[in-house]
2 protein chains.
Amino acid sequence: MAAHDRAGADVARTSRRGPTPGSDAVSVDVIKQEATRLFAERTYPAVGIRDIAEAVGLLPGSLYVHIRSKDELLFLIVRDGIQLFLDAIEPVAHVAAPAGVRLQNAMGAYLAVAAEHQQQTRVAFHQWTYLQGDQRAVVVELRQSYEKLFADIVAEGVDSGDFRRPRSRRLAVLTIVGALNAAGDWFDPSGSMSVDDVAADLADTALRGLCEGTAYAQADS
Amino acid sequence: MAAHDRAGADVARTSRRGPTPGSDAVSVDVIKQEATRLFAERTYPAVGIRDIAEAVGLLPGSLYVHIRSKDELLFLIVRDGIQLFLDAIEPVAHVAAPAGVRLQNAMGAYLAVAAEHQQQTRVAFHQWTYLQGDQRAVVVELRQSYEKLFADIVAEGVDSGDFRRPRSRRLAVLTIVGALNAAGDWFDPSGSMSVDDVAADLADTALRGLCEGTAYAQADS
DNA sequence: CCTACCGATCGGTAGG
DNA sequence: CCTACCGATCGGTAGG
């Protein structure tokens, strides 16, 4: 009876948090996934190594079988997160098409990734600031590549005459990227608007602005 | 000699961190000011009560003569920060003028505050998420008032025919507010562009968009 | 992957 | 406003 209870307890215990023999142990990917969720909900410094361990069903110390440190976990999430955007936007940014079309498609590609990886996007674009040293340097470089995709489209649009000449090209790029990043924050994939709807509306605002017809443009030219 | 040294040490000690008799003791405002700087640089959870104490020249425990808790400090910074924007934007948002003019002026008012209170702006718009309960509820309400200022301008612009009818008014507002908040983050008051320059460029993008002439508008209508 | 634990630091308080 | 300290929690490790 006592032996029977013990055996039952051991089975429950093993299936709850042990590396079940024959099935997969907790992997780095699962840890990254849970850490992404927790960082997105509460931010990196507010999430403890114990919160992550509990989420994946391990004891705190056991996490270090899979990861080197808490900050390496953040680094991987941020780096891979930005890379998702580079991989999605690069193809549509470089096709042979008018700058307006390419900008609209780049915005759509951004939103598609942001909608599919909402939590990782939040961590990647807001929480890279907690990284230091080499990790931070790598991320800063990736961020610059990301901004350059949009900067190139704007520059080519201005040079080809498709776009008006803004007072500051850099500022125009920061405005677009800022609006886009903000959209990634509030966009709700389960809401009434699809990714394409939102992308179309964002592109409208970026390309045409809010003014009806040429009312505002006339006042300036 | 020993007595002399002691007296000198006491004077230095008093002037360094004591409540110097006859002069002002460390005030809540100084603590708020230093906490604002530290929160903006490293974020709320990453800043310890000991960091704040050191910045104002007190020992950690002595802070609690002036403040109730660390989270109350954050609350005050965030609440007063958002209020700065409400106070600055409300007057220009409600004057009798075309929606385009009012939007441009509201953007200028936002940027003026963001430039003058850069650190508090960062804390107010990014770190209110660390607040909970009643404090968070108060802040959420203030944020809604802030967004409503822009929502009203857009709604009135659309109704009067000054603005084209966007696919989603709410989305247009979020886009504008998002671009504005982003500008508050990267705007450098010591840079080459003035507040007015940046406001004019932002308003251009919001009202006219990037496209030259009616090229993009024609394709749509 | 767990047990058992490390030193450091956290926000905050009692008593003067 | 300081002295002296509280219990709790932090990221991380040695040894099995």
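Proteins come first, then strands; the chains are lettered A, B, ... in the order of their sequence lines, and each starts at number 1.
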State plainly whether the residues B:D204 and A:R167 are in salt-bridge range, i.e. N to O under 4.0 Å. yes
Ranges pairing with ranges for DNA chain D, where each run has three or more Watson-Crick or G-U pairs under 3.5 Å: C:1-16 with D:1-16
Check whether any side-chain N or O of A:Q118 sits under 3.5 Å from a backbone N or O of A:F187 as a donor-acceptor pair, and report yes or no. yes
Does any N or O in the side chain of B:R122 come within less than 3.5 Å of the main-chain N or O of B:A40, such that one atom is a donor and the other an acceptor? no
Residues, nucleotides or ligands: over 12 heavy atoms within 6.0 Å of A:D134 CG: no
Check: A:T121 side chain, A:H117 main-chain N or O, donor-acceptor pair, under 3.5 Å: yes
In whole angstrom, what separates B:L63's CG from C:dG11's C1'? 11 Å
Scan nucleotides 12-16 of chain C against the protein and return all N/O pairs shorter than 3.5 Å with their distances rounded to 0.1 Å.
unit_1: C:dG12; atom_1: OP2; unit_2: B:Y64; atom_2: OH; d: 2.7
unit_1: C:dG12; atom_1: OP2; unit_2: B:K70; atom_2: N; d: 2.9
unit_1: C:dG12; atom_1: O5'; unit_2: B:Y64; atom_2: OH; d: 3.4

State whether the side chain of B:D51 and the backbone N or O of B:L38 hold a donor-acceptor pair below 3.5 Å, judged by distance alone. no
Using the benzene-type ring in the case of Trp, are the ring centres of B:F85 and B:F125 under 6.0 Å apart? yes
Judged by atom type as modelled, is there a donor-acceptor pair below 3.5 Å linking the side chain of B:Y44 to the main-chain atoms of B:D71? yes
How many Å lie between CD on B:E72 and P on C:dG11, as a whole number? 15 Å
